Amino acid sequence: MTRRTLLIGAGAGVLGVLLASCTPEPAPTPTPTPDRSPSPQPTTDTVTPAAFARSSWATDPFALGAVSFTPVGTQASARDALAAPVDDRLFFAGEATDVDAPGSLAGALRSGDRVADEVLRAGDEGERIAVIGAGLAGATAAARLAASGAEVTVFEARDRLGGRVHSVVDDKAWPFPAQLGGWLLGAPDDDLLQTLEALDVRAAPLAGAAWRSADGAVEPVSEDPVLSAIAAAQDLPTDVSIDDALTRSGADPAEPGLAALLAGLAASGGADAADASSWFPPPFPPAERTAPLGDLGAVFDRLLEGVKVSLSSPVSRVAYDEAGVSLGIATGESLSFDRVVVTVPLGVLQGDGLQFAPALPFGHRGAISELATGHIETVWLRFDERIASAGPDAGAEAGAEAGADAVEPSIWHVVGGDAMIRTWIDLSPSTGQNVLVGIVGGAAAAELAALDDRKALEAAIASLAPFLDAQG
Ligand SMILES: Cc1cc2nc3c(=O)[nH]c(=O)nc-3n(C[C@H](O)[C@H](O)[C@H](O)COP(=O)(O)OP(=O)(O)OC[C@H]3O[C@@H](n4cnc5c(N)ncnc54)[C@H](O)[C@@H]3O)c2cc1C
């Protein structure tokens with residue numbers, strides 16, 4: 001268990017118990033009542049989870065942010081420039097190199113397949129290939145290359161596989177692993193869904209959305225005005241941000257309903273609408289998604305079975321010439337290879353922890369500085385009892401919308417107020433467990449990441465206010 005999976009901040013009272021124990025005693029929870037009249041802001045004194053986990057990708061030295069995004073004014077082709085091989089010695093993969101689905105599991109996986117093809121075309125059978133990074137892109141590439149007869153070594157800075165996919169397995173705290181990184185799958189992720197099925201990783205369907213403000217249920221906010229504003233902005237002579245595109249269309253991005261919708265977009269793409277390009281916009285997440293409920297580490301174990309993997313081995317230097325590649329590992333070792341596949345996140349390439357000698361070509365450096373790294377953070381809360389819901393009629397509404405039996409909506413949107421986390425996933429309808437997952441993107445995610453554990457938990461509880469059944 002990592003520090004982040006268990007709160008260890010200082011404090012007294014009921015929260016102190018949670019902070020100090022792996023298996024906190026069931027904490028008193030308020031009695032649900034149908035009364036949804038505006039109530040005082042909930043605090044960790046009145047609403048205490050039995051388990052809490054959070055991510056902190058913003059400060060993680062081997063991520064330095066959550067996902068890449070295309071900022072206003074940058075061409076998506078910067079990703080092709082980043083993906084271009086250098087002298088047939090250096091090859092690049094990772095979500096940031098995928099033009100069609102950057103910032104996603106699908107994009108990472110596809111980039112791993114693409115780069116394996118490139119390396120195989122450039123080299124001969126049995127070559128020594130190094131892969132830097134054991135995330136989805138690196139593991140996919142390494143598996144393909146090893147299966148084709150290459151002598152592959154994967155260097156991974158962390159002491160675990162998976163990179164920005166991170167399942168926290170702790171049976172005492174969670175009924176299923178808490179996912180601190182990428183996990184939700186939609187229609188384009190069929191390959192991954194099949195892999196999970198083959199590995200017997202359970203998955204829950206997520207569908208239906210509830211929108212609530214402090215005053216009660218709010219009409220669902222449609223994506224259509226945003227999509228129309230983006231479509232209109234795509235005809236402009238210069239790129240504008242999604243915020244600007246909306247303003248030009250007569251909409252107010254600060255209007256609470258629209259702001260909650262845009263917060264949901266930031267929670268999946270990592271970028272605020274004020275920063276994201278309307279020429280190359282992040283897609284809205286699909287209405288129906290699947291939440292894997294198992295240890296996603298199994299995917300990486302399977303991919304890297306039989307492949308030589310060196311964990312806790314941060315690569316600090318990549319030197320290359322026409323004869324080959326030499327890697328400097330932070331532990332002091334230096335190793336030679338025929339070719340290397342670099343899959344570290346864009347945030348790492350933008351930092352100074354990984355040096356290239358000679359320096360990368362201008363095309364690569366231009367792409368690295370033009371593309372942006374966005375923020376997404378996740379909080380997981382488990383309660384001993386059901387303390388929050390989408391509201392008494394939400395199930396009926398969701399069922400009516402879908403023309404199906406009443407099913408409680410899985411996605412919650414917090415409208416108005418000063419909530420830091422506006423997008424929540426309620427896993428109780430699909431799992432029967434009182435687990436809520438808050439996802440926040442853009443500047444609010446960076447703000448959350450800067451808080452200590454106690455304040456982050458307080459921000460999460462306060463954000464949930466419109467959905468709390470009652471507060472004691
Ligand atoms: C909070 C969050 C939620 C997300 N939600 C979703 C989602 O629901 N659905 C979805 O499709 N996508 C989601 N994503 C995006 C998805 O997780 C990523 O796009 C994908 O995992 C990236 O894979 P990758 O292989 O490109 O990079 P990574 O997984 O980051 O792999 C790169 C690897 O390189 C390693 N590394 C870094 N520096 C060095 C070094 N110097 N030496 C050696 N190794 C190094 C890292 O430790 C890492 O293991 C989410 C991401 C985050 C952060």
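First listed ligand is number 1; within each ligand, the first listed atom is number 1. Here the structure is a predicted model, which is why all the values come from computation and not from measurement.
Counting only residues at least two apart or in different chains, side-chain hydrogen bond (donor to acceptor under 3.5 Å, both in side chains) contacts with residues 81-95 comprise Ser68-Glu95, Glu95-Arg164. Sorted by first then second residue, the ring-ring contact (aromatic ring centres under 6.0 Å, His included) pairs that include residues 321-366, not counting sequence neighbours, are Phe92-His364, Phe155-Phe337. Here ring-ring contact (aromatic ring centres under 6.0 Å, His included) pairs that include residues 412-459, with residues two or more places apart or in two chains, are Trp211-His413, Trp412-Phe467.
Electrostatic pairing of Arg110 and Asp98 counts as a salt bridge here, judged by a charged N lying under 4.0 Å from a carboxylate O. Ion pairing of Arg339 with Glu127 is present here, as a side-chain N (NZ or NE/NH1/NH2) and a carboxylate O approach within less than 4.0 Å. Salt-bridge annotation for Asp113 and Arg144: present, with a side-chain N of the basic residue lying under 4.0 Å from a carboxylate O of the acidic one.
Each of Trp57, Phe62, Ala66, Val67, Gly94, Glu95, Gly103, Ser104, Leu105, Ala108, Ile132, Gly133, Ala134, Gly135, Leu136, Ala137, Phe155, Glu156, Ala157, Arg158, Gly162, Gly163, Arg164, Val165, Leu180, Gly181, Gly182, Trp183, Leu184, Ser313, Pro314, Val315, Thr343, Val344, Pro345, Val348, Ile376, Thr378 has a non-hydrogen atom positioned under 4.0 Å from some atom of ligand 1.
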